[in-house]
2 protein chains.
Amino acid sequence: MNDIDTIDRKILSALQQDADQSLEELGAKVGLSRNACWRRVRILQDSGIIRKRVALLDPQKLGLGLSVFIQVRTSNHDPDWLKKFARAVKLMPEILGAYRMTGDLDYLIHARVNDVQDYDALYQRLIEKVDLSDVSASFVMEELKETTELSL
Amino acid sequence: MNDIDTIDRKILSALQQDADQSLEELGAKVGLSRNACWRRVRILQDSGIIRKRVALLDPQKLGLGLSVFIQVRTSNHDPDWLKKFARAVKLMPEILGAYRMTGDLDYLIHARVNDVQDYDALYQRLIEKVDLSDVSASFVMEELKETTELSL
DNA sequence: TAGATTAGTGGGAAAATTTCCCACAATCAA
DNA sequence: TTGATTGTGGGAAATTTTCCCACTAATCTA
């Protein structure tokens, strides 16, 4: 319920970068004792501001070196179609993000695959599950930035 | 160096969902003893397949409810421009991703801000740092899927 | 201003967890 | 059959978490 202050922001920032620190370390970093720090972290977790802690893997090393954004336009706009589309998207693990957008494109999908062949396979699987009138892909040539850290 | 087997994949999958489990728990989940599991996790970390562990925060609760994709075209293609653009993008914490793309758009930026006003502020800051000939934004109306979990 | 409330501090400590080591068993390839 | 790999379980020191408590400093409220 309560608002976040500067120290909380420091804690969150540190944990966004590395969730493996001990409370001792984290406390030192934000200028708080182990105990005071622990209490704040617990509150941040209970409030849901810290959603969870996860491991981030290296896409290259797992053969997912190709990042692709897929722009989707559809003529079909009934709610049933959307439900089916959402389900399909959730079941395909190569798809990391899927968004309904403003503007001229209807949906934007972010996926990670190994290569163009795999992209094509993904594309085929997708259009066989839901009908899409207009699909176009742009591949990522260079990743200038990619982070999970939110601005605080 | 070595290849990843089914058990490794199970470990990675579990840690992508929740990095807070004890080795005991994790071992039970993947059908391994605490010790065997610990050894594998250490190897996965040392090999860099597990890049790091981080806390994921709730964007809504932090006043970052608006997700936006910014399509950028530029007439300027000299390497100096790119360097400046990359630096600008890295310094702006609202920008979560920035990619050089194939296709008709040159760059794609993913950002999170509070509202349209804040988007505009971000836009102003961006174009004052680097000159962009053609910028257009699409806002996310609905998040069908958003995950950091890579397909294994 | 006095009193109450809200943090923070440091000490303490049980419990849990991590991070190894070891001996031994099972499997597989040379 | 031997050696290499990888598992198991036991053990245990070291570290960390997760509280409690008493006390203090700062702040806000009546």
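Owing to the predicted nature of the structure, the values given are computational and were not obtained by experimental measurement. Residue numbers start from 1 in every chain, and the chains themselves are labelled A, B, ... in the order their sequence lines are given, proteins ahead of strands.
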Is a side-chain donor-acceptor pair under 3.5 Å present for B:E146 with A:Y99? yes
Do the side chains of A:D20 and B:K52 get close enough for a salt bridge, i.e. N-O under 4.0 angstrom? no
[N] [atom2] sits how many Å from [X] [atom1], rounded?
X: A:L44; N: C:dA7; atom1: CG; atom2: C1'; result: 15 Å
X: B:R53; N: C:dT17; atom1: CZ; atom2: C1'; result: 13 Å
X: A:I7; N: D:dA26; atom1: CD1; atom2: P; result: 14 Å
X: A:Q45; N: D:dT18; atom1: CD; atom2: P; result: 8 Å
X: B:L26; N: C:dA16; atom1: CG; atom2: C1'; result: 16 Å
X: B:D5; N: D:dT6; atom1: CG; atom2: C1'; result: 10 Å
X: B:L32; N: D:dT5; atom1: CG; atom2: C1'; result: 14 Å
X: B:D46; N: C:dT19; atom1: CG; atom2: C1'; result: 13 Å

How many angstroms lie between [atom1] in [X] and [atom2] in [Y], if you round to the nearest 0.5 Å?
X: B:W38; Y: B:L32; atom1: CH2; atom2: CG; value: 13.5 Å
X: B:D134; Y: B:D106; atom1: CG; atom2: CG; value: 9.0 Å
X: B:W81; Y: B:T74; atom1: CH2; atom2: OG1; value: 4.5 Å

Of A:E24 and B:A36, whose closest DNA chain D nucleotide lies nearer the 5' terminus? B:A36
Whichever of B:R40 and A:L23 has the more 5' nearest nucleotide on DNA chain D, that residue is B:R40
Proximity to the side chain of [X] - top-ranked nucleotide from [options]:
X: B:R34; options: C:dT18, C:dT9, D:dT6; answer: C:dT18
X: A:S33; options: C:dT9, D:dC19, C:dT19; answer: C:dT9
X: A:N35; options: D:dG7, C:dG12, C:dT18; answer: C:dG12

So, does A:R39 get its side chain near the phosphate of D:dC19, meaning an N or O under 4.0 Å from OP1 or OP2? no
Ignoring backbone atoms, test whether B:W38 places a side-chain nitrogen or oxygen under 4.0 Å from the OP1 or OP2 oxygen of C:dT19. yes
